[in-house]
Amino acid sequence: MIGYYDWAGGREAMLRFGPEDGPVVVLAPPLFEEANRTRAFTVALLRALASHGVASMLPDLPGTGESLKPLEEISATDWVEAFASITLSRPCHVAALRGGCLIGGNVPALSRWFFAPVSGEAVVRDLTRARQAADRETGTSFDAAEIDREGAPIELAGNAIPRALLRALRATEADMAPPCRVVRLEGDPASADHYVPGAPLWRRAEAGNDPALAQTLAADLAGWVRRCGN
Amino acid sequence: MIPEQKPEIDATVRAVLCDVLGLSAERAAAFDASTPLFGALPELDSMAVAGVLTELEDRLGIVIEDDEVDGDMLETFGALTNFVTAKAIM
């Protein structure tokens with residue numbers, strides 16, 4: 001179901017899944033191009049979560065998705081404030097994927113559940129690398145130090161991103177203070193509470209979906225939410 | 001001399017190419033040292049290059065500097081495995 005939420009900076013769209021009552025999960029999607037690549041997967045995950053009797057909300061962050069605000073005008077604080085406006089309005093659990101953990105991890109919630117969390121530094125490094133690889137093909141070169149200079153938003157992997165947003169993200173780590181459950185893919189050497197088989201869909205240009213992984217993660221998230229309670 | 005970790009590194013590079021590019025395991029298993037990558041695999045666009053490098057770093061515990069990334073290291077499967085093997089055993 002399509003809904004919306006209001007925050008200090010305006011009104012943004014969100015999708016809602018699952019029952020009217022019971023526990024609620026608010027999910028922070030991955031950032032930038034990874035959000036597009038994992039959209040179908042994220043929706044499959046939340047539909048599967050609904051089948052476990054857990055409701056969820058998938059907000060568009062300001063400047064992303066259906067947002068009327070251009071990304072060029074967005075700050076990292078906007079994202080956290082907008083997301084917090086939802087989690088503060090009712091008791092809820094936060095789930096976050098990849099770079100979404102940098103937003104969803106830093107707001108009040110009953111509990112946190114992270115899948116494949118990534119540091120802000122790694123998010124910016126990936127974007128910078130993609131730009132450098134693209135520039136090599138055209139014979140130009142991009143200097144990552146540009147991020148630290150003042151100037152217009154920088155075109156990275158299809159988005160014009162404000163430099164202040166890149167700098168703020170780069171300095172952000174996901175807050176994994178308990179109660180927090182971290183799930184990662186098998187083969188990821190970083191520490192986690194649980195590892196699941198699957199491939200990193202967010203890396204693929206033709207991402208498609210992985211219904212089996214969505215089911216596995218939904219079952220894990222539903223179990224975690226029930227253990228943490230309301 | 002072939003370092004003893006070479007087969008493991010070789011397998012990791014194949015797994016990363018499968019995962020990032022969405023290649024079948026059969027297709028990646030058929031890669032040999034002379035199989036061309038960058039420019040030959042349509043799946044290997046600039047975002048995918050970033051993904052391959054980052055996944056290799058994470059899974060092998062290596063760091064690849066920006067100025068080390070060039071067309072040569074990504075030209076063939078052999079060039080890429082040789083590059084990361086040299087990094088991994090340093």
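Keep in mind the model is a prediction, meaning the values are calculated, not measured.
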Looking at chain A, which one of B/Val49, B/Asp58, B/Ile64 has the largest number of heavy-atom pairs inside 4.5 Å, strictly under? B/Ile64

Give the member of B/Gly22, B/Gly39, B/Ala48, B/Gly61 that has the highest number of heavy-atom pairs under 4.5 Å with chain A. B/Gly22

In terms of heavy-atom proximity below 4.5 Å to chain A, should B/Leu23 be classed as side chain, backbone, both, or neither? neither

Is a side-chain donor or acceptor of A/Arg204 paired with a backbone partner of B/Asp19 at a separation under 3.5 angstrom? yes

Give a yes or no on whether [X] atom [atom1] has more than 12 heavy-atom contacts from other residues, nucleotides or ligands under 6.0 Å away.
X: A/Glu72; atom1: CD; result: yes
X: A/Glu146; atom1: CD; result: yes
X: A/Glu186; atom1: CD; result: yes

Closest-packed option against chain B by number of heavy-atom pairs under 4.5 Å, given A/Arg203, A/Arg125, A/Arg131, A/Glu33: A/Arg203

Nearest heavy-atom pair of B/Thr54 and A/Arg129: which atoms, and what distance? OG1-NH1, 3.3 Å

Nearest heavy-atom approach of A/Ala130 to B/Ala50 is N-CB, 3.6 Å

Mind checking whether B/Asp66 and A/Gln132 have side chains closer than 4.5 Å, heavy atoms only? yes

Reported CD-to-CG distance for the pair B/Glu55 and A/Asp188, which is rounded to 0.5 angstrom: 7.5 Å

Quick one: pull up CZ in A/Arg136 and CG in B/Leu74 and give me the separation to the nearest 0.5 Å. 7.5 Å

Report which part of A/Asp126 has an atom under 4.5 Å of a heavy atom belonging to chain B: side chain, backbone, both, or neither. both

